Number of protein chains: 2
Amino acid sequence: MSQASAARSRVRDAAPLFAALGDETRLRLLFRLSSGGPGSITHLSADSPVSRQAITKHLQVLSEAGLVKSSRRGREHVWDLEPKRLADAHQYLDRISQQWDDALDRLKKLVEE
Amino acid sequence: MSQASAARSRVRDAAPLFAALGDETRLRLLFRLSSGGPGSITHLSADSPVSRQAITKHLQVLSEAGLVKSSRRGREHVWDLEPKRLADAHQYLDRISQQWDDALDRLKKLVEE
DNA sequence: TGAATGTGCAATCCGTTGGTTGCATGATAA
DNA sequence: TTATCATGCAACCAACGGATTGCACATTCA
């Protein structure tokens with residue numbers, strides 16, 4: 001795979017991931033899950049100002065982005081974090097800032113010569 | 001400030017930041033700026049499949065999120081990265097994964113007792 | 001001055017999204 | 001078995017977002 005097409009597929013993977021993080025309700029859900037542990041939909045929507053259905057939809061979005069996963073326990077659906085995916089987001093940011101630092105270095109050397 | 005309200009204001013700050021990152025065209029712009037250095041609107045939109053106006057709007061969004069800044073040079077507007085803001089995004093992710101690790105530790109100790 | 005270049009502004013379009021409400025279904029506990 | 005509780009499904013709505021086009025304005029260069 002060429003460098004350019006690798007960059008394209010990175011972007012295609014990263015955009016929905018960040019988009020999923022780009023909503024207050026969803027971020028609150030993530031904070032809630034990371035501090036309070038796994039929980040059912042009803043449980044999670046009890047802490048929230050919006051309706052249960054809204055929470056369901058948000059969990060769906062987070063799930064499609066790979067940030068959470070669910071498992072059945074009796075009649076409940078219990079949702080939990082998927083921390084690997086957070087690490088992915090980290091990596092994308094690293095990649096950008098690394099490129100940036102490299103570019104600055106090149107510029108610096110160019111000026112110093 | 002209480003812990004809860006600090007968390008709320010973090011969320012309010014982080015959501016638009018991630019939302020700005022959650023678009024393919026904008027991510028490509030960031031990669032382009034981080035690897036190719038600063039550039040004018042016309043320059044940046046030359047590399048892109050979408051129109052110049054679209055690029056302008058995206059730069060506006062990135063600017064409101066604090067990820068880029070512009071300066072005039074003659075009749076051009078030159079846009080550049082604002083790397084501090086990338087570091088902010090890093091921090092938010094750190095906070096979530098840290099909380100998660102802490103929660104896991106607590107759970108572990110609870111089970112071990 | 002006049003032509004070319006870089007940008008901004010405004011209107012418009014259409015798909016997506018965040019949210020709601022109402023009802024149906026499926027599992028559990030008394 | 002019959003309430004009850006946790007979800008799912010569907011329709012609907014208002015607002016937002018990404019993109020386009022057309023035109024105006026400002027700056028520069030010949």
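Quick note on labels: first sequence line is chain A, next is B, and so on, each numbered from 1. Because the structure is a prediction, the values reported are computed rather than measured.
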Engineer: Would you say D:dA6 has OP1 or OP2 under 4.0 Å from some side-chain N or O of A:H43?
Structural biologist: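 So the side-chain polar atoms of A:H43 never come under 4.0 Å of the phosphate oxygens OP1 or OP2 of D:dA6.
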
Engineer: Ignoring hydrogens and angles, are the base of C:dG22 and the side chain of A:Q53 linked by a donor-acceptor pair under 3.5 Å?
Structural biologist: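 Result: at least one qualifying N/O pair found.
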
Engineer: In whole Å, what is the span from the CD1 atom of B:I55 to the P atom of C:dG8?
Structural biologist: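 Whole-Å distance recorded here is 13 Å.
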
Engineer: How long is the line joining NE2 of A:H77 and P of C:dT25, in whole Å?
Structural biologist: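 Roughly 17 Å, once rounded to whole Å.
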
Engineer: Using only side-chain N and O atoms of A:S51, determine if any of them is under 4.0 Å from OP1 or OP2 of C:dG18.
Structural biologist: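 Indeed not, no polar side-chain atom of A:S51 lies that close.
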
Engineer: Let me know which of B:P38, B:S71, B:S34 forms a side-chain contact (heavy atoms from CB on, under 4.5 Å) with B:D80.
Structural biologist: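 Answer to the side-chain contact (heavy atoms from CB on, under 4.5 Å) test with B:D80 among B:P38, B:S71, B:S34: B:P38.
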
Engineer: Parallel, tilted or perpendicular: which one describes the rings of A:F18 and A:Y92, with boundaries at 30° and 60°?
Structural biologist: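 The rings of A:F18 and A:Y92 stand perpendicular, inter-plane angle above 60°.
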
Engineer: Figure out the CG/C1' separation between A:L59 and C:dG18, and round it to whole Å.
Structural biologist: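 Taking atom C1' of C:dG18 as the reference, CG of A:L59 is at 14 Å.
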
Engineer: Step through the shown structure and confirm whether more than 12 heavy atoms of other residues, nucleotides or ligands are within 6.0 Å of NE2 on A:H90.
Structural biologist: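 Yes, because the 6.0 Å sphere around NE2 of A:H90 holds more than 12 heavy atoms from other groups.
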
Engineer: Nearest whole Å is fine: how far is D:dG17 C1' from B:F18 CZ?
Structural biologist: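 Rounded to whole Å, this separation is 20 Å.
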
Engineer: Could you state the atom-to-atom distance from CG of B:L44 to P of C:dG6 in whole Å?
Structural biologist: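 Answer to the nearest Å: 13 Å.
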
Engineer: Kindly say if A:R26 contacts the phosphate of C:dG18, meaning a side-chain N or O under 4.0 Å from OP1 or OP2.
Structural biologist: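 For C:dG18, OP1/OP2 do have a side-chain N/O of A:R26 under 4.0 Å.
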
Engineer: Distance check needed: C:dG6 P versus B:W79 CH2, whole Å only.
Structural biologist: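 Whole-Å distance recorded here is 17 Å.
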
Engineer: State, yes or no, whether a side-chain contact exists between A:D23 and A:H58 at a heavy-atom distance under 4.5 Å.
Structural biologist: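 They are in side-chain contact.
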
Engineer: Expressed in angstrom and rounded to an integer, what is the separation of A:E64 atom CD from C:dG18 atom P?
Structural biologist: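 So the CD-P distance, A:E64 to C:dG18, works out to 11 Å.
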
Engineer: If I take atom CZ in residue A:R73 and atom P in nucleotide D:dT7, what distance separates them, rounded to the nearest angstrom?
Structural biologist: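 That distance rounds to 10 Å.
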
Engineer: Compare the minimum distances between each of C:dT21, C:dA4, C:dG8 and the side chain of B:R75, then state the nucleotide with the smallest one.
Structural biologist: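 Nearest listed nucleotide: C:dA4.
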
Engineer: Which nucleotide in the set C:dT20, C:dT7, D:dT7 lies at the smallest distance from any side-chain heavy atom of B:R52?
Structural biologist: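 Selected nucleotide: C:dT7.
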
Engineer: Between A:D23 and A:G74, which is nearer to the 5' end of DNA chain C once each is assigned its nearest nucleotide?
Structural biologist: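 The residue mapped nearer the 5' terminus is A:D23.
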
Engineer: Is the phosphate of C:dC9 approached by B:T56 (side-chain N or O, under 4.0 Å from OP1 or OP2)?
Structural biologist: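 So the side-chain polar atoms of B:T56 never come under 4.0 Å of the phosphate oxygens OP1 or OP2 of C:dC9.
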
Engineer: So, OP1 or OP2 of C:dT17: does either fall under 4.0 Å of a side-chain N or O from A:H58?
Structural biologist: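 Negative; the distance criterion is not met.
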
Engineer: Could one point to a donor on the side chain of B:K57 or the base of D:dG17 with an acceptor on the other under 3.5 Å away?
Structural biologist: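 Checked by distance alone, the answer is no.
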
Engineer: Please tell me which of A:E76 and B:R72 maps to the more 5' nucleotide of DNA chain D, matching each residue to the nucleotide holding its nearest heavy atom.
Structural biologist: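 Nearest-nucleotide comparison on DNA chain D picks A:E76.
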
Engineer: Does B:D13 pair with B:R10 as a salt bridge, N-O distance under 4.0 Å?
Structural biologist: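 Salt bridge: no.
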
Engineer: Considering just the side-chain nitrogens and oxygens of A:T42, establish if one lies under 4.0 Å of OP1 or OP2 belonging to D:dT7.
Structural biologist: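 Yes, within the criterion.
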
